[in-house]
Protein chains: 2
Amino acid sequence: MDLNQFLPYQLSILSLKISKGIAEHYQDQFGINISEWRVLVILYKNPDITAKKIALLSQMDKVRISRTLKSLVQKDYLTPTQHPLDARAKNYELNKRGRYLMRAVIPDALRYEENLLSQLSNEERNQLHHLIAKFNRIIG
Amino acid sequence: MDLNQFLPYQLSILSLKISKGIAEHYQDQFGINISEWRVLVILYKNPDITAKKIALLSQMDKVRISRTLKSLVQKDYLTPTQHPLDARAKNYELNKRGRYLMRAVIPDALRYEENLLSQLSNEERNQLHHLIAKFNRIIG
DNA sequence: CGCATTTAGTTTCATTTGAAACTATTTTTA
DNA sequence: TAAAAATAGTTTCAAATGAAACTAAATGCG
């Protein structure tokens, strides 16, 4: 039994390193953390949705979403509007500053990913996607 | 830009799911957390080493190691002995209860891993190992 | 309708985490 | 050597996390 050969251990070390690298990068470059980054990306593609919908799309739990939205509104990247049919809910939308931020964040993210992937061959990329999909099926 | 297609996101979701599954499993089966599990595995292979050495082997930081060792000694799985040459350090070793615990934990871990891997073909397993090694080289 | 249940989101609380400061000891260097 | 620097490990503190309890509103049902 060798810890360094143990798959779940390897996976967790690897992904922790990658996330940590990204988190630092976004903090430095844009002053946002990973939760904020995720919510921003979701609102970029899905304008005017509620916290509930964001939770659905992001796999984050509602407490974290609530806090993240609060902080993004405070930082003035988002504008909330009262939900027309449900007094408990608000819709959130990137405002001008938010859209401006995302015009820098999105290409940066794609560059970051491309930089990772550029070091793999086409075959390796395909294998990677296949394996991720397969694990997701296995684990559910 | 689709979050669900974004590699770092996919990796972190995947590894989070796997770690969470394992953490619950070990808590339920043996009443130990992942830090404790890691330290136990390391001491199983490397008896009589110091916290420093454990940190080196586990990639965990020294605060976490210190707390984990404390809790494992409290749970009476480890016996510390004064380091012969350095009054600041102790050597740690699995005691009787610890060895007994590990006789259950190790096969269980291997079974857990085998269960994951059994759902991959030989080719997929090779690809997986290759990709993990490659990412480790890329990221350092 | 009117009471019970569910749902959206927030707050509270206890736990986990790790950086920074700290203690105690060992090693280096002048 | 004796003072300075480095090292092993612990404690302190503040931030992040998420389960559980909570508030307020919407929905279901008799």
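Per chain, numbering begins at 1; letters A, B, ... match sequence-line order.
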Per A:Lys70 side chain, nearest of listed nucleotides D:dT17, C:dT11, D:dG9 = C:dT11

Take atom CZ of A:Arg38 and atom P of D:dA16, then tell me their distance rounded to the nearest Å.
-> 15 Å

Let me know, please, whether A:Ala87 or A:Lys62 comes out on the 5' side of the other along DNA chain D by nearest nucleotide.
-> A:Lys62

Separation of B:Leu85 atom CG from C:dT26 atom P, in whole Å?
-> 9 Å

D:dT10 C1' sits how many Å from B:Gln74 CD, rounded?
-> 14 Å

Residue whose nearest DNA chain C nucleotide is more 5′ - A:Asp86 or B:Asp86 | A:Asp86

Assess the side chains of B:Arg64 and B:Ser35: does a donor N or O sit below 3.5 Å from an acceptor N or O?
-> yes

note: B:Asn91, atom CG; D:dA8, atom P; distance rounded to Å ~ 13 Å

Ignoring backbone atoms, test whether B:Ser66 places a side-chain nitrogen or oxygen under 4.0 Å from the OP1 or OP2 oxygen of D:dG9.
-> no

Carboxylate-amine/guanidinium contact A:Glu114 A:Arg125, below 4.0 Å = yes

For C:dA8, take OP1 and OP2 only and decide whether either is under 4.0 Å from a side-chain N or O of A:Lys52.
-> yes

B:Ile42 versus B:Ser58, closest heavy-atom pair with distance | CD1-CB, 3.2 Å

Hey, does the side chain of B:Asn95 reach the backbone of B:Asp76 with a donor-acceptor pair shorter than 3.5 angstrom?
-> yes

In whole angstroms, the gap separating P of D:dA8 from CD1 of B:Ile65 amounts to 13 Å

Choose from C:dT10, D:dT11, D:dA26 the nucleotide whose nearest atom is closest to any side-chain atom of B:Val63.
-> D:dT11

Starting from P on C:dA8, measure out to CE on A:Met60 and report it in whole angstrom.
-> 17 Å

Per atom distances to the B:Ala89 side chain, the nearest of D:dG9, D:dG18, C:dT10 is D:dG9

Lys/Arg N to Asp/Glu carboxylate O, A:Arg111 vs A:Asp108, below 4.0 Å | yes

Take the protein atom NZ of B:Lys20 and the nucleotide atom C1' of C:dT15, then report the distance between them rounded to whole Å.
-> 14 Å

Select base, sugar-phosphate, or nothing to describe what A:Arg64 touches, counting heavy atoms under 4.0 Å on all strands.
-> sugar-phosphate

CZ of A:Arg67 versus C1' of D:dA19: gap in Å, rounded?
-> 11 Å

